[in-house]
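Working notes, beginning with the structure itself.
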Amino acid sequence: MNLFSEIRALVLAALEKMTADGKLPTGLSFDAVAVEPPRDPLHGDMATNAAMVLAKPSGRKPREIADELAASLRQDDRITAADVAGPGFLNLRLAPAVWQTLIKNVLEHGQSFGRSSVGAGQRVNVEYVSANPTGPLHVGHTRGAVFGDALASLLDYAGYAVTREYYINDGGAQVDVLARSVYLRYLEAHGRDVAFEDGTYPGDYLIPVGQALKEKVGAEFIDKGEQFWLADVREFASTAMMDMIREDLALLGVKMDHFFSEKSLYGTGRIEAAIDKLRAKGLIYEGVLEPPKGKKPEDWEPREQTLFKSTEHGDDVDRPVMKSDGSWTYFAPDIAYHSDKVDRDFDLLIDILGADHGGYVKRMKAAVSALSDGKVPLEIKLTQLVRLYKDGEPFKMSKRAGTFVTLRDVIDQVGADVTRFVMLTRKNDAPLDFDFNKVLEQSRENPVFYVQYAHARVCSVLRRASEAGIAVDDARLQAADLTLLSHPSELAVAKKLAEWPRLIEIAARTNEPHRVAFFLYELASELHALWNKGNDEPSLRFVQEDDPGTSQAKIALARAVSVVISAGLAILGVTPAEEMR
RNA sequence: GGCCCCUUAGCUCAACUGGAUAGAGCAGCCGACUUCUAAUCGGCAGGUUGAGGGUUCGAGUCCUUCAGGGGCCGCCA
C-alpha cells in the first residue's frame, strides 16, 4: 500500500512502452529510477529522476525523454499534471481522488496501514541490552534497550520475522566478583562487620540479595572457604540480578523473546565445538601478536596464544581466543554464541552495542563471516553515550561512588513513554543530552508532548462529534463521502499520510527508528496546522454541527492521522494519549 | 602509531543513502486566544554544511588529504 511504489510502477510501465516504441534502446536498467516526494511541495506531489538517469545510457537529452514520459503519464487518470523542471526532473501532480482513496485505505487497514513486506519474512535476530548480571540497568543500558526494542518493532512492521534476544554474561570473572560481594552482604545480614574492598560491588542493591541468601541457606556458608560456597552464591546472585534486570526491562516496556546464558556454553563442549569449526577452516593457530602501538609498550611481553585469523575476514589484526594460561578469552564464548545464532538459521543478525565496544565490531563480523561462510550478515549498531543533565548542569555518574543513575531512577522520574521517545529523537550514533527537567517540560521544545497532543486532539474531536450526535465509528467514517475533502490544507495532511509506508521501508532498510519519531513530529505538525486554520476559516473545522456528512469526511481525515500516530508510537513503544492532563 | 564514529543556522538536531533554492525546534522580532484543549498556529530574520582537492549532468551525502572532538587498541567483559 505504498503510493510511491504504485506511481513508480506506472512510470516503469510508461518507460517499457517507450522502449517498445523505439524511443529508448532495449536492455536499459530502470533500477536507478526513483519516485520521491519533492523537497519543495510547490514542485508537485511526486518527482521522478527517470529522464536524468536514463539520459546517458540511452544517448538522449534528459528533457526530451522527460517530455515523452510526461505525455505518456498524462494518459493516466491519477496524474493531473506532469511538468519537466530543472535539469530533467519530472514533477507529477496527483488527482484529489488519489488522496481521498488513501484516507479510506488508512481507515480500512487501521494500524496495519504502512506494514510492509520488504522484510519478506526473513528471520532476523536482534540482540540488545545484554548487560552483565551484576547490577541494575543504568541510563546507558536504557538507550540501548530503547533503540534495540524500537528497531525490532520496526523490522517486524516492515515484514521481518524478529527474535529479540538478550545474552547473559554470566560466565566470566565479573560474576565471581558479584558472588563475593553478595557473600559480604550475606555476612552483614548475619550481623558481621564487613569491608568492601576494591574488586567488590558496594552498591546497596545487593543488601536484599544477601538477606535473601541468609533466608535460603541460614548460617551454612559462614566462616567457610570460597570453594565451599562460591558456585552456589554465583548461581543465586546472578539469578537474582537477572530477575531484577527483567523487572527493569518490564518497566521500560521491553520484553525479550529469548535469554541466552553464556554459562551454558562452558563445560558443555560448545565453545570447543565453535572453535573447532573455525579450526577446520584453517583459521585457528598458535602465535604471538605484535605489541599494540602507542600504548605502554613497557608492559608488553610476547606470549604465545591461540589466535583466530580474523584478518582473513576483514579485521586488522588476528585476535586471541585463548589466554596464555589456557583459559578462554571473552571472545571465545562470544564466537560460540554467534555460532549458535547462525545454526538457528537466522537470515540476518543484528547486535546493539555501546559505543565503547566499537573496537569489537570487526572481529565479531569476521567471526560470523567465517562461521557462516559469508552467508549470514551481521549488522552491528553502536549507541553513543547519554549525557545526563539536571537544569542544564552536567550530572556525573560514578559506579564506584554509588551515584550512578539507574534505569529505574529515570522511569520513576520521567516515565517510560517520555524516556523512550526522547531517546529515539536522536540518531543512535550521535551522543544524546538527557536533561531530567527539560524532558518533563510540556512545551513545544519537547516533541513527545507535541505528538501526544495531536493524538489527543483527534480524540477530542471524536468525543465532541459524538456529543453533537454525529456517528464517528470506524465503519461510518470509512463509508464517508471523501470527495467532500478537497481543500489544499486537507489534502496536504493526506499527502503526509501517504509517506508513512515509504518511510517505514526506508527506516527499516537503514535500521534507523529515529526516522519514525521525526515523521510523527511532522505529521503532528500537519494536523496542528489544519486545526488552527479552523480558527480563521470555520469551514475547515472538523466538526460541522449542521452537516453530519461533511463532518464525517473531515473526521475521517483526523481519524486517519490518529491511526498512523498510534501505529508509529507503537513502534517506538510509546502509549498514545487520549487526552492531555 | 593504527582502527571506528562525529563536525550542518547563535543553541539542539534533521535532510528520504547522489537530486532542484540544505530544513525543523529553541533563542530573537512581529502577529493570532468571546476556540474544536493557544501544551497550538502564521510570518520575519538567521548558512562558504570544519578546511582543501577529486569523481559527474548534480555532492551535506561517495573518494582523498588535513584540522578539531569522542571511543577503542593481547592474557577486562
Side-chain angles (χ1 to χ4, degrees), chain A residues 4 32 34 36-40 43 47 49 52-53 55-56 61-62 85-89 91 132 134 169 171-175 262 288-295 299-303 305 307 315-320 322-331 333-334 354-362 382 384-385 425-427 429-431 433 438 441-447 449-450 452-454 456-457 460-461 463-465 468 499 502-503 505-507 509-510 512 514-515 518-519 521-522 524-525 527-536 538 541-543 545 558 579-580:
Chain A
F4 291 86
E36 302 173 323
R39 194 165 271 184
D40 186 344
H43 291 141
N49 61 354
M52 287 184 294
V53 298
K56 182 172 272 188
K61 289 178 181 163
F89 281 103
N91 290 326
N132 292 341
T134 55
N169 289 105
Q174 76 280 1
V175 189
E262 177 192 1
V288 180
L289 285 174
E290 291 292 308
K293 295 186 172 160
K295 206 202 168 192
D299 292 350
W300 174 267
E301 286 174 39
R303 296 264 170 82
Q305 297 170 280
L307 300 169
D315 203 355
D316 307 311
V317 291
D318 292 340
R319 306 291 178 174
M322 192 180 273
K323 303 175 195 172
S324 49
D325 68 359
S327 64
W328 298 114
T329 63
Y330 59 87
F331 187 35
D334 277 356
D356 53 339
H357 289 68
Y360 197 55
V361 170
K362 283 191 179 180
L382 301 177
Q384 266 291 350
L385 299 177
T425 50
R426 207 106 309 176
K427 276 190 296 205
D429 54 3
D433 291 339
K438 265 194 189 155
E441 269 174 32
Q442 303 194 355
S443 73
R444 172 188 196 119
E445 197 173 348
N446 192 342
F449 293 99
Y450 187 85
Q452 293 281 29
Y453 188 34
R457 275 184 151 173
S460 162
V461 164
R463 284 193 298 267
R464 200 163 278 270
E499 291 178 25
R502 183 170 180 274
L503 178 108
E505 293 178 3
I506 293 164
R509 189 176 66 231
T510 54
E512 292 182 342
H514 76 272
R515 291 175 188 269
F518 281 97
F519 175 84
Y521 185 87
E522 291 166 14
S525 175
L527 184 91
H528 288 313
L530 179 58
W531 181 289
N532 270 73
K533 283 205 172 93
N535 284 340
D536 301 332
R541 293 158 78 110
F542 292 107
V543 180
E545 307 227 343
E579 58 183 342
M580 306 299 282

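Naming: A, B, ... by sequence-line order, numbering from 1 per chain. Excluded from the calculations below are hydrogen atoms, water molecules and symmetry mates; all remaining heavy atoms, backbone and side chain alike, are included. These numbers were taken from a predicted model, which means no experiment stands behind them.
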Looking at A:Ile506, is its backbone amide N or carbonyl O close enough to the side chain of A:Thr510 to form a donor-acceptor pair, meaning the two atoms are under 3.5 Å apart?
yes
Which nucleotide, [options], lies nearest any side-chain atom of [X]?
X        : options             : value
A:His43  : B:A77, B:U17, B:A20 : B:A20
A:Gln305 : B:C5, B:C16, B:C75  : B:C75
A:Lys56  : B:A20, B:U56, B:U37 : B:U56
A:Ala529 : B:G42, B:G19, B:U17 : B:G42
A:Tyr330 : B:C16, B:A77, B:U40 : B:A77
A:His528 : B:C75, B:C41, B:U37 : B:C41

Both distances under 3.5 Å, Watson-Crick or G-U wobble: on that basis, could you give the dot-bracket string for RNA chain B, with [ ] for crossing pairs and | for other-strand partners?
(((((((..((((.....[...)))).(((((.......))))).....(((((..]....))))))))))))....
Between A:Tyr360 and A:Asp334, does any side-chain donor sit less than 3.5 Å from a side-chain acceptor?
yes
Please check if any side-chain donor atom of A:Thr134 sits under 3.5 Å from a side-chain acceptor atom of A:Asn132, or the reverse.
no
Partner set under side chain to side chain donor-acceptor pair (under 3.5 Å) for A:Asn49, not counting sequence neighbours:
none
Are there any protein N/O atoms within less than 3.5 Å of an N/O atom in nucleotides 12-15 of chain B, and if so, which ones and at what distance?
residue: B:U12; atom: O2'; partner: A:Arg426; partner atom: NH1; Å: 3.1
residue: B:C13; atom: O5'; partner: A:Arg426; partner atom: NH1; Å: 3.2
residue: B:A14; atom: OP1; partner: A:Lys427; partner atom: N; Å: 3.1
residue: B:A15; atom: OP1; partner: A:His514; partner atom: NE2; Å: 3.3

Judged by each residue's nearest nucleotide on RNA chain B, which is more toward the 5′ side, A:Asn532 or A:Ala173?
A:Asn532
Pick the closest RNA chain B nucleotide for A:Leu385 and for A:Asp40 by heavy atoms, then say which residue is nearer the 5' end.
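Checking each residue's closest nucleotide, the 5'-ward one belongs to A:Asp40.
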Check side chain to side chain contact (heavy atoms under 4.5 Å, CB included) between A:Pro302 and all other residues, then give those that pass, not counting sequence neighbours.
A:Val288, A:Trp300
Can you name the residues that form a side chain to side chain contact (heavy atoms under 4.5 Å, CB included) with A:Asp536, not counting sequence neighbours?
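By the side chain to side chain contact (heavy atoms under 4.5 Å, CB included) rule, A:Asp536 matches no residue at all.
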Below 3.5 Å between N/O atoms, which protein atoms pair up with nucleotides 43-49 of chain B? Just atom names and distances, please.
none

Does A:Arg319 count as lying over the ring of A:Phe331, i.e. NZ or CZ under 6.0 Å from the six-ring centre, within 45 degrees of the axis?
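The answer is no, since A:Arg319 fails at least one limit relative to A:Phe331.
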Is any side-chain heavy atom of A:Ser460 closer than 4.5 Å to one of A:Glu579?
no
Please tell me if A:Lys323 has a side-chain N or O lying less than 4.0 Å from either OP1 or OP2 of B:C76.
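For B:C76, OP1 or OP2 has a side-chain N or O of A:Lys323 closer than 4.0 Å.
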Do A:Asp334 and B:A77 have a side chain to base donor-acceptor pair shorter than 3.5 Å?
no
State plainly whether the residues A:Glu512 and A:Arg515 are in salt-bridge range, i.e. N to O under 4.0 Å.
yes
Within the 6.0 Å centroid threshold, strictly below: A:His43 and A:Phe89
no
